[in-house]
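Inspection log for the structure reproduced underneath, given as structure tokens.
Reckoned from all heavy atoms, side chains included, excluding hydrogens, waters and symmetry mates.
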Amino acid sequence: MYTTIDLPELVKEAQNKNKNSMTYIIEAFKPKLQASLHQTVVQERENLAQELSIKLIEAIQHYNLEATPGFYDFLDQIEGSSRRS
């Protein structure tokens, strides 16, 4: 099992059909999903939990790690957008 979360590496492994990595990511996001479910009607929570899990799996499978900017690229994007405002 992983001792620290290296999310990009986990996503890469999950995209390569590593079920343990996919499960680890889902479990890591479970508290956030559960907190969101408390804002919904009790009768809908189970169905919504399943739908959210499916959406999370789809997002992981389709996420493009190469398009994610590095920290300094991200900082340049933020500074560039604030200068245009």
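- Side-chain contact between Lys19 and Met22: absent, with no pair of heavy atoms (C-beta onward) separated by less than 4.5 Å.
- Other residues, nucleotides and ligands contribute at most 12 non-hydrogen atoms within 6.0 Å of the CD atom of Glu46.
- A distance of 9.0 Å separates CD in Gln34 from CZ in Arg45, rounded to the nearest 0.5 Å.
- Closest approach of Ala28 and Pro31 over heavy atoms only: O-CD, 3.5 Å.
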Evaluate the side-chain contact (heavy atoms from CB on, under 4.5 Å) criterion for residues Leu33 and Ile26: first the C-alpha distance (whole Å), next the side-chain angles of each, then the deciding distance (0.1 Å), finally the verdict. CA-CA 9 Å; Leu33 294 175; Ile26 292 168; 5.6 Å; no
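- Interatomic distance, CG of Asn20 versus CD of Glu27, reported as 11.5 Å (0.5 Å rounding).
- Rounded to the nearest 0.5 Å, atoms OH (Tyr24) and CG (Asn18) are 13.0 Å apart.
- For Ile25, the side-chain contact (heavy atoms from CB on, under 4.5 Å) criterion is met by Leu7, Leu10, Val11, Ala14, Phe29, Ile60, not counting sequence neighbours.
- Atom CG of Leu52 is separated from atom NZ of Lys30 by 12.0 Å, given to the nearest 0.5 angstrom.
- From Thr40, atom OG1 reaches atom CG of Asn47 across 10.5 Å, with rounding to the nearest 0.5 Å.
- With a 4.5 Å cut-off on side-chain heavy atoms, Tyr63 and Gln15 count as touching.
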